[in-house]
Engineer: 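This is the structure, below, for whatever I ask next.
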Amino acid sequence: MAKPLMGRAREVIEKAKIRYQGKVVGTVASMDPQREAENYSECFVRDFVPCALVFLMDGDFEPVKQFLRTVMHIRNQQYVMAGHTRAEGLMPASFKVTEQDGKQQLIADFGERAIGRVAPVDSAMWWMILLHAYVQFSGDRDFADDPQVQQTIRAILSLYLQESFETSPAMLVPDGSFMIDRRMGVYGHPLEIQSLFYGMLFTAEKYLAPGNDQSLLEQVQKRRRALRTYVRLFYWLDKPRLNEIHRYRSEQFGPDAENLLNIYPASIPVWLDGWFPADGGYFVGNLGPGRMDFRYFSLGNMLAVSFGLATDEQADKLMRLHEHRWMDLIGEMPVKICYPAISGTQWQLLTGCDPKNVAWSYHNGGHWPCLLWPFAAAALRTGRRDLAQQAYSQAIHSVDEDRWQEYYDGKTGALIGRRSNAFQVWTAAAIVLTQLMFERENDVVFSGLFTHQ
Ligand code: GLC
């Protein structure tokens, strides 16, 4: 008899485990023998997160601890590009275990084995967030207090809190520095980075040993609060706010300017006209001087809810938006990565004519089953189990039969991605994790993980 769905999903995770000196330290990104690219056989920091949460919920803490240790240790393997070395707070995008003369070696990738040498800005943030999850589930506070871990937290903070050229509390990053790791016009202050930054600062606040560096802790607290106020006010978009922007006066000077960032009403895209239900809203994708990227990006929005960056009212409105715009944002295979897709000249200019990111494909409006768990976590936190369940039942309808695809194409995500890998590990992990979240919705430990203030 064929194994039930959960058994088959767990089998994908089990087979994906990477071992170093006999211990599990991660999982490969894809188990597809015909993988789209060589580096899918590595352990990506962001891809490991849902696997780690499955292990933690199973009470299997060791692989997560080993992963945190491994990534912490290989952080010093940075390559030098044109004589340029980078800060030690940066963490790799991925790593692999190689073997030579019977000796195993861990090899990190900081973007040199990725297309375009993109910077993995999100890695250290996921590492910190996972550290919080690990301590929360295992109760192993000693690990967070370990001097090496403390030193790593400090190294990360010294890089991520460094003053650069921001004019707001939001973090400034180059294009393709997170899950969307190709040029997509997501440079500047993308929402996903702000949500992760918020989650990371929360962890730092919690685990940074007071020591004699009180000022660092104060800096973390101040930045987190400022970021929260800024995102809640300036990234939020709903019908009343759209009306305000539509009627904005521009080119105002001085501290009393209402249109602080000088957003020109003519930049409001036509698709937004009539798109909002009365009680729905979302955080826009990016914000900067004279620039509001009105695109909807799901992961940043969902994490904003899970980490408490969104107010309760904003979280409710976000869920209602999904209810009303289900086919646009969830479609047939949950969840759409961003809406709408860019095409024509916009696609040419923002992606540099990237054929993998043509309209309604891959990062450009494609559907990613791995995004099911952040959606379900946000929905559960908002009391919308119904929406989480609806998305879940749609996903399990074909995800297994389709062989655990990485992504889907088309406006409603009904087509298997043109260059998608099969047996993508975070796809299987998202299904298992979502099922576990349903079973343990009221688990204090779990809600402790996501109810950041
Ligand atoms: C692609 C995705 C990236 C993911 C990697 C491994 O590069 O864009 O987010 O981490 O594949 O699955």
Side-chain angles (χ1 to χ4, degrees), residues 25-26 45-46 48-53 55-57 59-76 87-92 120-162 169 171 178 192-228 303-304 306-309 374 377 381 443-453:
V25 291
V45 171
R46 70 178 77 86
F48 184 67
V49 173
C51 293
L53 294 173
F55 296 146
L56 293 177
M57 289 191 86
D60 186 10
F61 307 134
E62 201 49 29
V64 183
K65 188 178 187 171
Q66 292 307 330
F67 167 85
L68 290 168
R69 274 219 175 105
T70 303
V71 177
M72 174 168 86
H73 289 313
I74 56 177
R75 157 173 88 79
N76 60 6
E88 52 161 320
L90 192 73
M91 286 191 155
V121 179
D122 65 338
S123 285
M125 308 210 265
W126 278 120
W127 183 89
M128 288 267 261
I129 290 162
L130 203 53
L131 170 71
H132 173 55
Y134 168 75
V135 176
Q136 198 78 11
F137 277 87
S138 67
D140 182 7
R141 173 77 203 219
D142 288 351
F143 181 70
D145 290 337
D146 178 280
Q148 268 190 324
V149 173
Q150 285 293 319
Q151 201 263 329
T152 305
I153 297 179
R154 275 161 212 272
I156 295 173
L157 289 176
S158 107
L159 174 63
Y160 284 72
L161 287 176
Q162 205 173 63
M171 185 188 277
F178 50 102
E192 184 174 322
I193 287 287
Q194 312 316 321
S195 296
L196 287 168
F197 190 30
Y198 186 80
M200 169 187 128
L201 291 174
F202 177 87
T203 304
E205 219 171 294
K206 224 172 145 135
Y207 297 113
L208 195 62
N212 37 24
D213 201 355
Q214 192 60 25
S215 69
L216 180 60
L217 186 60
E218 278 166 17
Q219 209 187 333
V220 171
Q221 286 166 338
K222 240 174 104 186
R223 184 71 178 264
R224 185 174 72 83
R225 288 198 204 111
L227 178 67
R228 185 175 61 188
L303 294 179
S306 291
F307 296 158
L309 175 58
R381 204 197 139 161
D443 189 319
V444 247
V445 182
F446 188 79
S447 54
L449 171 59
F450 289 109
T451 315
H452 294 175
Q453 290 303 316

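Just the heavy atoms: all of them, side chains too, but no hydrogens, waters or symmetry mates, feed the values below. None of the values given here were measured: they were computed from a predicted structure.
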Engineer: Do the non-hydrogen side-chain atoms of Arg69 and Gln148 ever get within less than 4.5 Å of each other?
Structural biologist: no

Engineer: For Phe143 and Tyr134, I'd like to know if the aromatic rings sit close, meaning centre-to-centre distance below 6.0 Å.
Structural biologist: yes

Engineer: Does any part of the side chain of Met200, heavy atoms only, come nearer than 4.5 Å to the side chain of Leu157, both counted from C-beta?
Structural biologist: yes

Engineer: What distance separates Phe48 CZ from Leu53 CG, expressed to the nearest 0.5 Å?
Structural biologist: 9.0 Å

Engineer: How close do Ala52 and Val64 get, heavy atom to heavy atom, and via which atoms?
Structural biologist: O-CG2, 3.7 Å

Engineer: Once rounded to the nearest 0.5 Å, what's the spacing between atom CD1 of Ile153 and atom OG1 of Thr203?
Structural biologist: 8.5 Å

Engineer: What's the spacing between Leu303 CG and Met125 CE if we round to 0.5 Å?
Structural biologist: 10.5 Å

Engineer: Kindly say whether Phe178 contributes a backbone atom to a donor-acceptor pair with the side chain of Arg46 at under 3.5 angstrom?
Structural biologist: yes

Engineer: Could you check if a side-chain atom of Val45 sits within less than 4.5 angstrom of a side-chain atom of Pro120, using non-hydrogen atoms only?
Structural biologist: no

Engineer: With sequence neighbours left out, write down each residue that passes ring pair (Phe, Tyr, Trp, His ring centres under 6.0 Å) with Tyr207, or none if nothing qualifies.
Structural biologist: His132

Engineer: Is the shortest heavy-atom distance from the side chain of Pro92 to the side chain of Val71 under 4.5 Å?
Structural biologist: yes

Engineer: Does Thr152 have any side-chain contact (heavy atoms from CB on, under 4.5 Å) partners at least two apart in sequence or in another chain, and if so, which?
Structural biologist: Met72, Arg75, Met91, Trp127, Ile156

Engineer: To the nearest 0.5 Å, how far apart are OH in Tyr198 and CZ in Arg228?
Structural biologist: 4.0 Å

Engineer: Residues two or more places apart in sequence or in another chain: which of them pass salt bridge (Lys or Arg N to Asp or Glu O under 4.0 Å) with Asp146?
Structural biologist: none

Engineer: Holding to side-chain hydrogen bond (donor to acceptor under 3.5 Å, both in side chains), I want the full list of residues that pass it with Glu62, two or more places apart in sequence or in another chain.
Structural biologist: Gln66

Engineer: Please report the shortest heavy-atom distance between Ala124 and Gly89, naming the atom on each side.
Structural biologist: CB-O, 3.7 Å

Engineer: I'd like to check Val121 versus Met171 (side-chain heavy atoms, cut-off strictly below 4.5 Å). Are they in contact?
Structural biologist: yes

Engineer: I'd like to check Phe61 versus Asp140 (side-chain heavy atoms, cut-off strictly below 4.5 Å). Are they in contact?
Structural biologist: no

Engineer: Listed by chain and number, what are the ring pair (Phe, Tyr, Trp, His ring centres under 6.0 Å) partners of Phe55, not counting sequence neighbours?
Structural biologist: none

Engineer: Under the ring pair (Phe, Tyr, Trp, His ring centres under 6.0 Å) rule, collect the residues that match up with Tyr160, sequence neighbours excluded.
Structural biologist: none

Engineer: How long is the gap from CD on Gln219 to CD on Gln214, to the nearest 0.5 Å?
Structural biologist: 12.0 Å

Engineer: Would you confirm whether Gln150, through its side chain, and Ala209, through its main-chain N or O, come within 3.5 Å as a donor-acceptor pair?
Structural biologist: yes

Engineer: Any side-chain heavy atom of Val149 sitting closer than 4.5 Å to one from Leu68?
Structural biologist: no

Engineer: Within the 4.5 Å heavy-atom criterion, are Trp126 and Leu130 side-chain neighbours or not?
Structural biologist: no

Engineer: Are Leu208 and Arg154 close enough, and set up right, to give a side-chain contact (heavy atoms from CB on, under 4.5 Å), and what steps lead you there?
Structural biologist: CA-CA 8 Å; Leu208 195 62; Arg154 275 161 212 272; 4.1 Å; yes

Engineer: Atom CG in Leu90, atom CG in Leu159: separation rounded to 0.5 Å?
Structural biologist: 6.5 Å

